Amino acid sequence: MLRTHTCGELRIDHVDHEVTLIGWINAVRDHGGLKFVDLRDRYGRIQVQISQESIGGDALETLRFDQVLKVTGSVMERPDGMRNPKLETGDVEVIASSTEILGECPPLPFNPDSGDQVNDELRFRYRFIDMRREEIQRRFRLRSDMQFAMRQYLHGHDFLDLETPMLTKSTPEGARDFLVPSRQNPGEFYALPQSPQIFKQIFMISGFDRYMQVVRCFRDEDLRADRQPEFTQLDLEMACIDESDIMGLVEGLMEHVVKEVTGKEVTLPFPRLSYKEAMLAYGSDSPDMRSDLRIQEFSDLVEGLEFKVFSGAVESGGAVRGMRIPGGGQWSRKEIESLEPIVKQQGAGGLAWFKMTDDGPAGPVSRFLAGAAGEELIQRLGMEPGDLACFVADKQTRVVVNSMGQLRKELAIKLGHIEPGVLNFCWVEEFPLFDEDEETGQPTPCHHPFTCPHPDDLSNLESKPL
RNA sequence: GGGGACGUAGCUCAAUUGGUUAGAGUCCCGGCCUGUCGCGCCGGUUGUUGCGGGUUCGAGUCCCGUCGUCCUCGCCA
């Protein structure tokens with residue numbers, strides 16, 4: 001080995017050891033005849049002291065950021081008051097007796113320390129620099145640990161890790177396929193799998209009753225902030241089981257993975273809610289349970305409210321839904337109205353709202369709340385002075401659901417409910433097999449076309465699929 | 001494909017209703033510095049204001065076109 005230790009591992013126990021390190025120069029603090037150099041590698045950082053006395057004569061090299069440097073020297077305990085508690089290795093430093101630059105580095109196109117401040121385009125163009133960043137390395141480590149933990153757990157539950165072809169044929173799923181021209185058959189193409197489940201029946205009927213893979217999926221659709229054309233999925237297939245078996249297994253899997261990767265405990269079993277409940281209360285089929293904001297149905301009250309926007313929506317077959325935002329009554333009118341684009345983006349005509357003051361309701365909707373229906377609405381919301389209530393009404397329930405869901409999501413962030421790193425799992429049950437296609441009115445798979453209908457609904461499959 | 005925002009120094013950003021020599025921090029270069037760890041101090045260079053055209057006495061700023069990036073909707077589970 002060209003090195004005796006990594007940059008992250010030296011501690012007080014190593015004092016007086018002779019070591020050789022190789023790493024990238026993370027900083028140079030030049031005091032004339034004495035330089036402090038932070039040396040970095042995947043495992044951490046350590047301070048190296050390079051001086052004329054220790055290294056002899058004119059051997060001091062010109063040191064620059066991100067040169068690759070080899071240092072030989074001895075580990076010394078830092079003097080009192082010179083320790084750096086921010087570094088794992090901060091109690092010691094290496095006094096260099098010789099140095100050698102293994103890799104030169106011209107000025108970089110961006111400073112890796114500024115990280116997320118820099119354009120994505122520039123970061124991706126120089127991905128090898130971006131990937132030197134501690135944060136990026138941490139994420140790679142996280143993925144690696146996570147995939148290892150998944151395989152470890154599933155291996156322990158008799159799952160085989162099987163591979164399936166990448167060059168395959170088009171599947172009846174909704175996304176556009178990535179195509180690969182075939183050399184052997186000019187004019188014909190392979191499709192890359194949108195997801196690998198297409199092969200599951202073949203494995204099942206061949207007797208592989210449990211298999212898993214951590215596998216790439218390819219979907220040739222436009223990008224979004226949280227979406228890439230290729231991504232990795234855990235695919236898990238089992239035979240001879242019922243719903244409780246798979247829920248138990250997956251809960252155990254998540255418990256194991258979270259424990260292994262973060263050290264955190266998760267509470268089992270996960271809470272369960274139906275698709276209908278999720279769409280109503282959270283406006284999403286994948287609700288973020290970290291916020292306790294809840295959407296409520298008010299379509300049944302509109303008759304007593306005499307508010308045309310509300311009653312008109314319900315009469316046309318739509319809905320009115322609203323949400324109490326604790327403390328939102330403190331916001332200015334301008335601040336509240338700045339929420340409107342969120343729901344308009346989802347197709348809603350506008351955002352209706354009122355706030356609760358010590359003197360009762362105030363704001364645009366308050367004048368419709370005088371009667372008994374208004375009283376009940378306020379009571380159902382649980383409005384207290386200082387609260388805000390927001391509503392969306394539309395003749396299409398789908399628009400109401402999406403608008404309120406998006407509003408809930410953004411308000412949860414605004415209110416600080418969404419703590420990064422907090423994991424609140426839940427199950428969403430009773431997914432419908434089909435949705436109504438917006439354009440054609442025909443049934444379209446709500447989840448994906450390989451799911452099995454609920455046994456109770458099997459008889460409806462032909463007659464009334466929706 | 002629709003809508004919106006943006007494009008100024010290597011990087012991150014300023015530049016008043018259109019007004020004189022386009023600035024700051026950082027990076028970089030030179031000098032000083034033996035206890036720094038975001039080292040400090042002194043000095044210095046940043047430039048086709050994305051590109052092309054137009055309006056104007058005068059355009060980084062306004063208009064048109066074009067290219068690029070990001071967000072968003074469509075699309076996608």
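Throughout, a chain's letter reflects where its sequence line sits, starting with A, and its residues are numbered from 1. This one's a predicted model, so the numbers in the text were calculated from it and none came from an experiment.
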Give the rounded distance in Å between these two atoms: [atom1] of [X] and [atom2] of [N].
X	N	atom1	atom2	answer
A/Lys86	B/rC39	NZ	C1'	12 Å
A/Glu410	B/rU72	CD	C1'	11 Å
A/Phe124	B/rU69	CZ	P	13 Å
A/Asp30	B/rG35	CG	P	12 Å
A/His31	B/rG38	NE2	C1'	13 Å
A/Ile129	B/rC27	CD1	C1'	13 Å
A/Phe218	B/rA77	CZ	C1'	17 Å
A/Leu34	B/rU36	CG	C1'	8 Å

Taking atom types as they are modelled, would you say the side chain of [X] forms a donor-acceptor pair with the base of [N] within the 3.5 Å cutoff?
X	N	result
A/Arg219	B/rC75	no
A/Arg227	B/rC76	yes
A/Glu221	B/rG74	no
A/Arg123	B/rC11	no
A/Asn111	B/rG10	no
A/Gln49	B/rU36	no

Please name the nucleotide paired to [N] by Watson-Crick or G-U wobble geometry with both distances under 3.5 Å, or report none.
N	answer
B/rA22	none
B/rG74	none
B/rG65	B/rC51
B/rA14	none

Looking only at atom [atom1], what distance separates [N] and [M], rounded to whole Å?
N	M	atom1	result
B/rA77	B/rG2	C1'	23 Å
B/rC32	B/rA9	P	33 Å
B/rC37	B/rU20	P	41 Å
B/rC6	B/rA14	C1'	16 Å
B/rG25	B/rC64	P	37 Å
B/rA24	B/rU46	P	11 Å
B/rU26	B/rC42	P	12 Å
B/rA15	B/rC71	C1'	26 Å

Could you label the plane-to-plane angle of the A/Trp427 and A/Phe270 rings as parallel, tilted or perpendicular, counting under 30° as parallel and over 60° as perpendicular?
tilted
Should the ring pair A/Phe310 and A/Phe391 be called parallel, tilted or perpendicular, given that the plane angle runs from 0 to 90° and is split at 30 and 60?
tilted
Side-chain donor-acceptor contact under 3.5 Å, [X] with [Y]:
X	Y	value
A/Arg216	A/Thr232	yes
A/Arg132	A/Gln137	no
A/Gln213	A/Thr164	yes
A/Glu104	A/Gln67	yes

Is there a side-chain polar atom (N or O) of [X] under 4.0 Å from OP1 or OP2 of [N]?
X	N	answer
A/Gln346	B/rC73	yes
A/Arg64	B/rC29	yes
A/Arg29	B/rU36	no
A/Lys35	B/rC33	no

[X] side chain: which of [options] is closest?
X	options	result
A/Pro107	B/rC75, B/rC37, B/rC28	B/rC28
A/Gln47	B/rC11, B/rG38, B/rG35	B/rG35
A/Asn84	B/rU36, B/rU72, B/rC37	B/rC37
A/Glu121	B/rC73, B/rC11, B/rG68	B/rG68
A/Asn119	B/rU12, B/rU36, B/rA77	B/rU12

What distance separates A/Phe124 CZ from A/Arg127 CZ, expressed to the nearest 0.5 Å?
5.0 Å
Does the side-chain ring of A/Phe36 lie flat on the base of B/rU36, meaning centres under 5.5 Å and planes less than 30 degrees apart?
yes
Decide yes or no for A/Glu93 and A/Glu77: does some side-chain heavy atom of the first lie under 4.5 Å from some side-chain heavy atom of the second?
no
Per nearest nucleotide of RNA chain B, the residue lying toward the 5' end, A/Arg78 or A/Leu108, is A/Leu108
Looking across every strand, which nucleic acid part, if any, lies under 4.0 Å from A/Leu122 by heavy atom: base, sugar-phosphate, or nothing?
sugar-phosphate
Have a look at A/Glu93 and say if it touches a base, only the backbone sugar-phosphate, or nothing, with a 4.0 Å heavy-atom cut-off.
base
